[in-house]
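Contents: one structure, followed by commentary.
Below, chains carry the letters A, B, ... as their sequence lines are ordered, and counting in each starts from 1.
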2 protein chains.
Amino acid sequence: MATNRQRKTRADGERTRRAILHEAVRLATLDGLEGLSIGNLADALGMSKSGLYAHFGSKEELQLAVIDEAGGIFRAEVIDPAIAAPPGLGQLVAVCDAFFDHLKRRTLPGGCFFAGAILEMGTRPGRVRERVSAFQADFLRLLRSFAAAALDREELPADEDPELLAFELNGIILAANARFVLSDGADGLGVARTATRRRLGLASDARAAATWDSV
Amino acid sequence: MATNRQRKTRADGERTRRAILHEAVRLATLDGLEGLSIGNLADALGMSKSGLYAHFGSKEELQLAVIDEAGGIFRAEVIDPAIAAPPGLGQLVAVCDAFFDHLKRRTLPGGCFFAGAILEMGTRPGRVRERVSAFQADFLRLLRSFAAAALDREELPADEDPELLAFELNGIILAANARFVLSDGADGLGVARTATRRRLGLASDARAAATWDSV
DNA sequence: CCTACCGATCGGTAGG
DNA sequence: CCTACCGATCGGTAGG
């Protein structure tokens, strides 16, 4: 069978593609989606520029694939753990804690990919901007749905507004990322965890908050 | 007097310098501090690249001057109005509202200069990063001092923590900027104003919040 | 996936 | 402030 004689299988290509994208997401959190250059990425991977063009036809196609890869990482490290938590209030705490863990784990050297991508691409019309915007909209929708579930279960005061709560928790997340990037360390994530609990009306264990930073 | 025969006075040079920097800050909110190129800036000003090098010896010197100029704009539009407000709680509301006005006024096309600069330069060691970091630290200190004053005046519950409150208000500000950049409009600043008031325990006038967006 | 190349643009300099 | 230039790097292509 002729189709089996190829030296590189489709699976090999897929594996290479994933390896390229993972490195590209890492570099993009340091240099931005525009600052990410094909030459730099090729050097980091020990391959040639034209090798990258064989996988992605243009820089824009690479950027779109990088956004999807970053979305997969975010889903695996932040969203999936939250969905697995107890519905309602439990998911609201879990999604924030999972985000802080995502930072502390340093999967990506420059902190949250999307926090940076929103500000970098937000003013540049095009497919890249729309892809980033759609991911952020999905995330805010998820926060709102967790908040609505918590309200249904009467785990929050009846006059709470899911839209407002989602906005504020997103703010705590962005402030935590900014602090993480500037301090170049997990210092100060304790205050983010305390802020999350205060906003949700949960007891903020002062002893635990103090140790979070040193973990 | 030989010193008076020069055709261009020092004041002329200073005026040119300010014109360069104002345009540079605007461009930097669209392309970032690294994406800001000497060639682009020279074209936008109708002058030559070497004309810019006469004012700033290197790109890093230009970036540092741009940060100072952006700091001046932020002080004039956000910090000074807040300091002029009634001490304590009044200043906390005023600084957030002044920030939202700063966005709505569209002084800078890409939203808040520092929100972007923190994420772009936070992972690039050097003088530029330190300058941006110092400005953000000063701003957080200002928020903390307003919060401490409000506590002293018993305008906030006695168990409030100025550090925590400053962190959360900074988060609301960052979330408002992200929403502004993505929506490319002032839509949605109403929820930021409502969030500010809710956090500070103030009555959030629903009618007023609804009209804020349409103003 | 490679080498070898394209025109455009980058930050920066020489000399005026 | 200008023209004219430098080497390096940009995104992308030809041809294999």
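Distance A:His55 NE2 to D:dG12 P: 17 Å, rounded to the nearest Å. Nucleotide C:dC1 holds its P atom 12 Å from the CD atom of A:Glu14, rounded to whole Å. Regarding A:Leu45, its CG atom lies at a distance of 10 Å from the P atom of C:dC1, rounded to whole Å.
Summarising the geometry of A:Thr29 relative to A:Gly111, their closest heavy-atom pair is CG2-O, 3.9 Å, with the distance given to 0.1 Å.
Every stem involving DNA chain C, taken as at least 3 paired positions in a row under the Watson-Crick or G-U wobble test at 3.5 Å, is listed here: C:1-16 with D:1-16.
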Would you tabulate the pairs of protein nitrogen or oxygen atoms and nucleotide nitrogen or oxygen atoms of nucleotides 7-11 of chain D closer than 3.5 angstrom?
| unit_1 | atom_1 | unit_2 | atom_2 | d |
| --- | --- | --- | --- | --- |
| D:dC10 | OP1 | A:Ser37 | OG | 2.7 |
| D:dG11 | OP1 | A:Lys59 | NZ | 2.9 |
| D:dG11 | OP2 | A:Ile38 | N | 3.0 |
| D:dG11 | N7 | A:Lys49 | NZ | 3.0 |
| D:dG11 | O6 | A:Lys49 | NZ | 3.3 |

Next item on the list: Show your working on salt bridge (Lys or Arg N to Asp or Glu O under 4.0 Å) between B:Arg198 and A:Asp161 and close with a plain yes or no.
Entry: CA-CA 11 Å; B:Arg198 196 212 59 82; A:Asp161 174 8; over 6 Å; no

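At the phosphate of C:dT3, neither OP1 nor OP2 sits under 4.0 Å from any side-chain N or O atom of A:Ser50. Here B:Ser48 reaches the OP1 or OP2 of D:dC2: one of its side-chain N or O atoms lies under 4.0 Å away.
Judged by distance alone, the side chain of B:Arg197 and the main-chain N or O of B:Arg193 form a donor-acceptor pair under 3.5 Å.
A salt bridge links B:Arg127 to B:Glu61: one of the charged nitrogens lies within less than 4.0 Å of a carboxylate oxygen. A salt bridge does not link A:Arg141 to A:Glu163: none of the charged side-chain nitrogens sits closer than 4.0 Å to a carboxylate oxygen. By the 4.0 Å N-to-carboxylate-O rule, B:Arg26 lies too far from B:Glu69 to be salt-bridged with it.
Aromatic pair B:Phe74/B:Phe139: centroids less than 6.0 angstrom apart. Ring centroid separation for the pair A:Phe135 and A:Phe114 comes in under the 6.0 Å cut-off.
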